[in-house]
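Notes follow the structure.
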Amino acid sequence: MKRIGIMTSGGDAPGMNAAVRAVTRKAEHEGLEAYGINYGFAGLLAGDIFRISSVDSDDIISRGGTILYSARFPEFAEEPVQLKGIEQLKKFGIDAIIVIGGDGSYHGALRLNEHGFNAIGLPGTIDNDIPFTDFTIGFDTALNTAVESIDKLRDTAASHERTFVVEVMGRNAGDIAMWAGVASAAEDVIIPEKDFDVEAVANKLKSARARGEKHGIIVLAEGVMTAAEFADKLKPYGDFQLRATTLGHTQRGGSPTAFDRVLASRMGAYAVELLMQGKGGLAVGIQNNKLVTHNMLDLFDSKHEADMDLYKVAQDLAF
Ligand code: F6P
């Protein structure tokens, strides 16, 4: 093996650049050449591919977004499109590929593998919703962004004795909501993985007010409903001076935290080692602080599980 391709695909996530840097530098360290593929699978098809060196990746560890750009490209589900993609890789003499992204990106990587082209997946998404990994690249940064915003909302909430319903991202997973809720001492956390009772939420807000708390914060995962919809549900239960705030794509940007940079660096270097061993069809993860691999096929048969111990902590501490 001489040449490794690297792409970022799906929604961008802080730390993707750190992974690109790690792959590029590890490849060079091992006497290999790295090739960047712009715009994920869409760029692969278009042949938007270039030789990326350690010089190109010099100053990117602290940058949010992805220097390789990203795209969602459902067309890659079609076999003729996949074969055209492989043709492009061969044209550039690329022998194997590393794909950084979420679930959809892994499907693309697996298709390449089924055509005999070694591909390794790295979990890059703020949602933390990939099975068999404790953390995904970008989650920690998004979480910290959410917490910083909620701290600010609490200041204004206390000044006016208001309650904020704060909608955070996560697609169908409640991880950002749960972690952000605990870290920001929210009055309640609502996640898709657990049913909720609006009256019970309202009662928590009332008892917090009765104890003298001036602010109310409900952290809501976007997979449940919108902040405005949840505020409407709460309205009949009392005068909470409700405001609905959606944090939105601010959670996707910004300089990655040290945790995400280190995670991405470890995973990127490990992915190159796996390809050098002739392995493919694997998704890299981290469990109990050890890098692990799982067959990509197993990932599709599994579901990311919400950490119910953490959910219980959120509930036990907010009453
Ligand atoms: O998967 C990352 C994510 O930011 C989700 O949290 C969110 O639901 C979705 O992507 C938003 O997608 P888009 O950037 O296409 O609006």
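Counting starts at 1 for both ligands and their atoms, following the listed order.
Taking the six-membered ring for Trp and thresholds of 30 and 60 degrees, W179 and F139 have ring planes more than 60 degrees apart, a perpendicular arrangement.
Within the structure, ring pair (Phe, Tyr, Trp, His ring centres under 6.0 Å) contacts touching residues 198-256 (residues at least two apart or in different chains) are F196-F230.
Side-chain contact of R261 with T141: a donor-acceptor pair under 3.5 Å is absent, judged by distance alone.
For atom 9 (C) of ligand 1, the nearest non-hydrogen atom of the protein is R171 NH2, 3.6 Å. D127 OD1, 2.6 Å is the protein heavy atom nearest to atom 6 (O) of ligand 1. Scanning the protein for heavy atoms near atom 12 (O) of ligand 1, the closest one is R72 NH2, 3.2 Å. Ranking the protein heavy atoms by distance from atom 4 (O) of ligand 1 puts R252 NH1, 2.7 Å first.
Using a distance-only test at 3.5 Å, with no hydrogens or angles considered, no donor-acceptor pair links the side chain of T133 to the main chain of T136. In terms of modelled atom types and a separation under 3.5 Å, the side chain of R154 and the main chain of S184 share a donor-acceptor contact.
Not a single N or O atom of M169, backbone or side chain, sits closer than 3.5 Å to an N or O atom of ligand 1.
Ring centers of F76 and F41: under 6.0 Å apart, within the cut-off.
Listed by number with element, the atoms of ligand 1 under 4.0 Å from a non-hydrogen atom of G170 are 6 (O). Set against the non-hydrogen atoms of E222, the atoms of ligand 1 under 4.0 Å away are 5 (C), 6 (O), 7 (C), 8 (O).
Only the side chain of H249 comes within contact range of ligand 1, with a heavy atom under 4.0 Å; no backbone atom does.
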